Amino acid sequence: QARAQLSRLPPRRIHTPEVGAMDCTAAPQVIEHLREPLSFTPFETRWVPQSARFVILGQNPRATGAIRVCQLSKGKSEKLTEVEKPKGFKCGTFGASAIEDRHLATGDYVGNVQIWDLEDLRKPIWSVKGHDQIVNAIDGCGGLGVGNGAPELVTGSRDGAVRVWDTRMEDPVISLEPVEGETPADCWSVAFGNSYNDSERCICAGRAFSFGYDNGDIKLFDLRTMTLRWDTNVRNGVCHLQFDRKDIRMNKLGVSTLESNMVVYDLRTYHPTEGYAGRKEKVTKSTLWGCHFLPQNREVFASCGGNGSLTLFKYSYPQERVIKDKEGIDRGNAGTFEMLNQKELSTQPVISFDWHMNKTGLCVFACLDQTCRVAMCTKLHLY
């Protein structure tokens with residue numbers, strides 16, 4: 001009888017104190033499709049562009065590197081190849097590779113920056129000693145038909161340096177070094193953006209790029225003018241940065257931090273004293289390891305939680321993105337973001353996440369419980 005009474009109750013609209021309301025009756029669902037157990041600790045996972053394959057990078061218990069290539073086949077994960085390398089891998093990207101090559105760029109624990117052909121993993125096709133210490137983050141632009149200009153990589157390291165690489169050369173195109181004599185801040189994240197043509201470039205070859213540090217600093221560097229365009233501090237270590245698109249004028253920047261905070265900046269309007277407008281929200285009760293915009297809809301994004309959760313959000317622009325201050329100067333007006341759904345999928349942090357470029361809602365992510373998982377997020381086309 002009690003069950004019958006409960007079944008007649010109208011659906012409830014759940015309100016969360018941290019971020020906007022979530023309607024459970026029409027919310028997108030996060031469905032785990034498969035789970036791949038690993039013998040090493042994963043730190044990065046990426047879809048191989050235009051394919052059903054994905055790559056997992058990590059470190060074995062004896063501190064050697066691991067590269068595993070898997071393929072989705074009939075609802076299961078098929079391991080195609082796995083190789084062991086001398087040093088553990090921390091990060092990787094396909095962003096600077098031509099679509100027909102699909103070469104993987106990696107950064108490892110001793111500062112090497114390398115490019116690999118997945119068809120022959122015996123040795124890298126390009127390799128440089130990029131940093132003195134571990135390469136924490138890497139991003140690419142100009143490849144995969146995304147962004148204008150020459151293909152380039154940007155890397156950030158524990159040594160505090162941020163460097164831009166043209167893979168046709170062994171020396172960095174640009175090297176942003178920490179101030180001599182000061183203790184360098186650990187650079188945790190880097191990102192390319194603003195690559196909408198070949199002349200307007202905010203980080204080499206037509207891009208803006210930003211980088212975040214463990215002390216909460218965020219810096220936006222213009223590669224065309226070789227100047228620091230903007231910097232700010234979010235008071236918590238910056239775990240991850242991402243532009244909502246690389247190949248358009250700078251629009252939004254998603255920032256995930258320690259202490260469970262997320263900030264989304266509106267990058268269309270810069271104020272000379274206040275900088276860019278941003279919306280800061282507390283999402284979970286754990287570290288946020290990533291903020292990843294859906295390739296098919298830049299207003300939808302997912303965050304990766306230290307409690308093993310995936311959270312989906314929808315960003316909404318205000319009625320007026322630009323307002324006037326007291327002196328009549330244009331100032332940005334940040335929008336809001338609403339939680340669409342949240343699901344805990346692991347007991348350990350979700351350390352890496354990647355959306356599929358062609359299949360809306362298909363994602364792969366790595367967790368520190370030594371698993372890599374593939375999931376489907378439904379109904380995202382409705383947003």
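All figures in this text were calculated on a predicted structure; none of them were measured in a lab.
- Counting only N and O atoms by type, the side chains of D186 and N136 include a donor and acceptor under 3.5 Å apart.
- Counting only N and O atoms by type, the side chains of S256 and W289 include no donor and acceptor under 3.5 Å apart.
- No salt bridge links R158 with D132; every basic N to acidic carboxylate O contact stays at or beyond 4.0 Å.
- When all heavy atoms of F353 and C363 are compared, the closest pair comes out as CZ-CB, 3.4 Å.
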Step-by-step side-chain hydrogen bond (donor to acceptor under 3.5 Å, both in side chains) determination, N60 to T64:
CA-CA 5 Å; N60 288 301; T64 56; 3.1 Å; yes

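- Other members of the cluster containing W47 are L34, L38, F40, F54, I56, L72, L362, V364, V374, M376, with ILVMFWY side chains joined at under 4.5 Å, either directly or via other members.
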Evaluate side-chain hydrogen bond (donor to acceptor under 3.5 Å, both in side chains) for T360 paired with H381, printing each intermediate quantity in order.
CA-CA 8 Å; T360 304; H381 65 286; over 6 Å; no

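- In terms of hydrophobic clustering, with Ile, Leu, Val, Met, Phe, Trp and Tyr side chains grouped at heavy-atom distances under 4.5 Å, V164 and V162 are assigned to a common cluster.
- Hydrophobic cluster membership is shared by L310 and L380, with clusters built from Ile, Leu, Val, Met, Phe, Trp and Tyr side chains linked at under 4.5 angstrom.
- When side chains are defined from C-beta on, M262 does not count as touching V255, because their heavy atoms never get closer than 4.5 Å.
- Donor-acceptor pairing under 3.5 Å is recorded for the side chains of D369 and S346.
- Salt bridge annotation for D330-K324: present, with a cationic side-chain nitrogen under 4.0 angstrom from a carboxylate oxygen.
- Using a 4.5 Å heavy-atom cutoff, the side chains of V83 and K85 are in contact.
- Taking 4.5 Å as the limit, some side-chain heavy atom of T93 sits within range of a side-chain heavy atom of L153.
- For H271 and T273, the side-chain atoms include at least one donor-acceptor pair closer than 3.5 Å.
- When side chains are defined from C-beta on, L241 counts as touching I218, because their heavy atoms get closer than 4.5 Å.
- Between the side chains of H292 and D354, no donor-acceptor pair is found at a separation under 3.5 Å.
- For the pair L118 and F94, the minimum side-chain heavy-atom distance is below 4.5 Å.
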Show me the side-chain donor-acceptor pairs of residues 293-301 shorter than 3.5 Å, one per line, residues at least two apart or across chains.
from, atom 1, to, atom 2, distance (Å)
Q296, NE2, H356, O, 3.4
Q296, NE2, M357, O, 2.9
N297, OD1, E299, N, 3.1
N297, ND2, Y383, O, 2.8
E299, OE1, K252, NZ, 2.8
E299, OE1, Y317, OH, 3.1
E299, OE2, Y317, OH, 3.2

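- Two residues are said to be in side-chain contact when any heavy atoms from C-beta on lie closer than 4.5 Å; C372 and F365 fail this criterion.
- Aromatic ring centres of F337 and F313: separated by under 6.0 Å.
- Contact check for V113 versus T106: no side-chain heavy atoms found under the 4.5 Å cut-off.
- Of all the heavy atoms in S39 and P61, the pair that sits closest is O-CD, 3.8 Å.
- Residue pairs satisfying the ring pair (Phe, Tyr, Trp, His ring centres under 6.0 Å) criterion with at least one member in residues 156-186, sequence neighbours excluded, are absent.
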Before you tell me yes or no, could you show the steps for V128 and N112 under side-chain contact (heavy atoms from CB on, under 4.5 Å), namely the whole-Å CA-CA distance, both residues' side-chain angles and the distance that decides it to 0.1 Å?
CA-CA 6 Å; V128 295; N112 293 320; over 6 Å; no

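- Under 3.5 Å, the side chains of S260 and K282 contain a donor-acceptor pair of N or O atoms.
- Not a single donor-acceptor pair under 3.5 Å links the side chain of T378 to the backbone N or O of P28.
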